[in-house]
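Single-structure report; data block below.
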Amino acid sequence: MARVIVTFKVMPASIDVDLDDVKEKVRMAIENFDGKINGEITEEPIAFGLKAVKVSFSYDEKKGTTDELEEELTKEDEIQSVEVVSVGRTMG
């Protein structure tokens, strides 16, 4: 059975958004997607005080793509966009 490993960069709607809230929403959405977070959810400086939230997670490849998860996250008022930074596959 193979697992897909994905890294997302989640952009908040503005500099004023509480990133802890964004992290929690990302964590909950990934868990509801039956994903498992690999390591920590981190912050990445972008510009002028704006920070993105980065998260790496894995899920069973039988689920297909992450389109549904990305759509769910971008419905949140605090989240402007979700970018797939990397995708890989692991066996086991």
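Hydrogens, waters and symmetry mates are skipped; everything else that's a heavy atom, side chains included, is used. A quick note: this is a predicted structure, and the numbers were derived from the prediction, not measured.
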### Task
Show your working on side chain to side chain contact (heavy atoms under 4.5 Å, CB included) between Glu70 and Glu83 and close with a plain yes or no.
CA-CA 8 Å; Glu70 293 170 57; Glu83 176 186 355; over 6 Å; no
### Task
Apply the test side chain to side chain contact (heavy atoms under 4.5 Å, CB included) to residues Val10 and Val22: give CA-CA distance (whole Å), side-chain angles for both, the deciding distance (0.1 Å), then the verdict.
CA-CA 8 Å; Val10 180; Val22 172; 4.1 Å; yes
### Query
Got a sec, which pairs hit side-chain hydrogen bond (donor to acceptor under 3.5 Å, both in side chains) with one end in residues 48-57, sequence neighbours left out?
Glu44-Lys54
### Message
Is there a side chain to side chain contact (heavy atoms under 4.5 Å, CB included) between Val6 and Ser58? Walk through the geometry before answering.
### Response
CA-CA 6 Å; Val6 178; Ser58 64; over 6 Å; no
### Steps toward side chain to side chain contact (heavy atoms under 4.5 Å, CB included) verdict (Thr7, Val55)
CA-CA 6 Å; Thr7 301; Val55 60; over 6 Å; no
### Task
Output yes when Arg27 and Glu24 qualify as a salt bridge under the 4.0 Å nitrogen-oxygen rule, no when they do not.
yes
### Query
Taking atom CG of Asp21 and atom CD of Glu78, what is their separation to the nearest 0.5 Å?
6.0 Å
### Query
Are Val85 and Leu69 linked, directly or through other ILVMFWY residues, by side chains that come within less than 4.5 angstrom of each other?
no
## Note on the structure
When every non-hydrogen atom of Ala2 is compared with those of Asp60, the smallest separation belongs to O-OD1, 3.9 Å
### Greater than 12 external heavy atoms within 6.0 Å of Lys63's NZ
yes
### Query
Just by distance, do the side chain of Arg3 and the backbone of Thr90 share a donor-acceptor pair under 3.5 Å?
no
#### Entry: Salt bridge Glu61-Arg89, side-chain N to carboxylate O under 4.0 Å
yes
### Query
Mind checking whether Ile15 and Val17 sit in one hydrophobic cluster, side chains of I, L, V, M, F, W, Y counted as touching below 4.5 Å?
no
### Message
Taking side chain to side chain contact (heavy atoms under 4.5 Å, CB included) as the criterion, tell me which of Asp34, Thr66, Ile30 meets it with Tyr59.
### Response
Thr66
### Task
Search all heavy atoms of Asp20 against all heavy atoms of Asp18 and return the closest pair with its distance.
N-OD1, 2.9 Å
### Task
Treat each ILVMFWY residue as a node, draw an edge where side-chain heavy atoms are under 4.5 Å apart, and state whether Met28 and Leu73 are in one component.
no
#### Entry: Smallest separation among heavy atoms of Pro12 and Leu50, with atom names
CG-CD1, 3.8 Å
### Verify same cluster id: Phe8, Phe33 (apolar side-chain graph, 4.5 Å)
yes
### Query
With hydrophobic residues grouped by side-chain heavy-atom distances under 4.5 Å, do Val53 and Met11 end up in a single group?
no
### Summary
With sequence neighbours left out, the residues meeting side chain to side chain donor-acceptor pair (under 3.5 Å) with Gln80 are none
### Query
Which atom pair, heavy atoms only, marks the closest approach of Lys9 to Ala52?
CG-CB, 3.6 Å
